[in-house]
Amino acid sequence: MCITVLMRIRTTKDVKMIHARSGKKLVGALISAVALFCITTPALANNHTDTSWGTTLYAWSNTYRTPPRAKQDRSSSYVKLNAKSNGGSIWAWIETPSSTNVGTAVVNVGVGQQRFITQNVYENGYRQALLGVSDANSDLAAAKVSGVWSPDSV
């Protein structure tokens, strides 16, 4: 829509002609507003949609990795821990599908908390990333955990 409007109205002379033909100042203001919106609205085309994950973790002996997702820009990744059956927190990080560490931060996430995870997946030429998590508690009880994550952020 924006491109069509802008292609049809090429000069301020065209805007004045439309304004004169309609007899209303509203048309000129509307055209200016549409043009301004088209020029200033950023494209949000990265992969920041949340994907659910969940598993059972065993303290200090189990790591869970999500299926890989497309990494489309240099933004931080995002994780949120929605539930953990025995309380406490998890460690979370980002890696490539081949388990390559790409300068990722390891963050501690408690129930109900969200974190942005800095990493260099895209900068190192990789186009997929996955979330890795492990239990941060030192007890031996199994914990059911669940949350959401995205490889890119807004």
How close do Thr56 and Ala142 get, heavy atom to heavy atom, and via which atoms? CG2-CB, 3.9 Å

Is the closest side-chain heavy-atom distance between Thr51 and Val148 below 4.5 Å? no

Are any of the side-chain heavy atoms of Thr63 and Ser134 separated by less than 4.5 Å? yes

Ser75 and Phe116, any side-chain heavy atoms less than 4.5 Å apart: no

Got a second to check how far Gln119's CD is from Ser76's OG, nearest 0.5 Å? 6.5 Å

Of the non-hydrogen atoms in Gly132 and Arg65, which two are nearest, and what is the gap between them? CA-CG, 4.2 Å

Can you name the nearest heavy-atom pair linking Thr49 to Ser150, along with the distance? O-CB, 3.4 Å

Quick one: does any side-chain atom of Arg127 pair with a main-chain N or O of Tyr122 as donor and acceptor, under 3.5 Å? yes

Checking Lys71 side chain against Asp73 main chain: does a donor-acceptor pair fall under 3.5 Å? yes

So which heavy atom on Tyr78 is nearest to which on Gln114, and how close? OH-OE1, 2.7 Å

Close side-chain approach of Asn137 and Lys84, heavy atoms under 4.5 Å: yes

Is a side-chain N or O of Gln72 found less than 3.5 angstrom from the main chain of Asn47, in a donor-acceptor match? yes

pair Val111-Asn82: side-chain heavy atoms closer than 4.5 Å: no

For Gly54, does its backbone N or O pair with a side-chain atom of Ser146 as donor and acceptor, under 3.5 Å? no

Quick one: does Val79's side chain get under 4.5 Å of Leu131's, heavy atoms only? yes

Can you confirm if the NZ or CZ of Arg69 lies within 45° of the ring axis of Trp149 and under 6.0 Å from the centre of its six-membered ring? yes

Rounded to the nearest 0.5 Å, what's the gap from CG on Asp135 to CD1 on Ile90? Could you check? 8.5 Å

Just wondering, do Thr96 and Leu130 contact through their side chains at under 4.5 Å, heavy atoms? no

I want to check something: taking the side chain as every heavy atom from C-beta on, are Thr100 and Tyr126 in contact at a cut-off of under 4.5 Å? yes

Hey, is Arg74 close enough to Asp152 for a salt bridge, meaning N to O under 4.0 Å? no

Where Ala143 and Ser85 come nearest, the two heavy atoms and their spacing: CA-OG, 3.3 Å

Quick one, Asn101 with Glu95, criterion side chain to side chain contact (heavy atoms under 4.5 Å, CB included). Give me CA distance, side-chain angles, the key distance, then yes/no. CA-CA 5 Å; Asn101 183 318; Glu95 38 181 78; 5.8 Å; no

Which value, rounded to the nearest 0.5 Å, describes the distance between Thr104 atom OG1 and Asn120 atom CG? 8.5 Å

Can you give me the closest heavy-atom contact between Ser153 and Asn46, atom names plus distance? O-ND2, 2.8 Å

I'd like to know if the side chain of Ser89 and the backbone of Gly110 have a donor-acceptor N/O pair within less than 3.5 Å. no

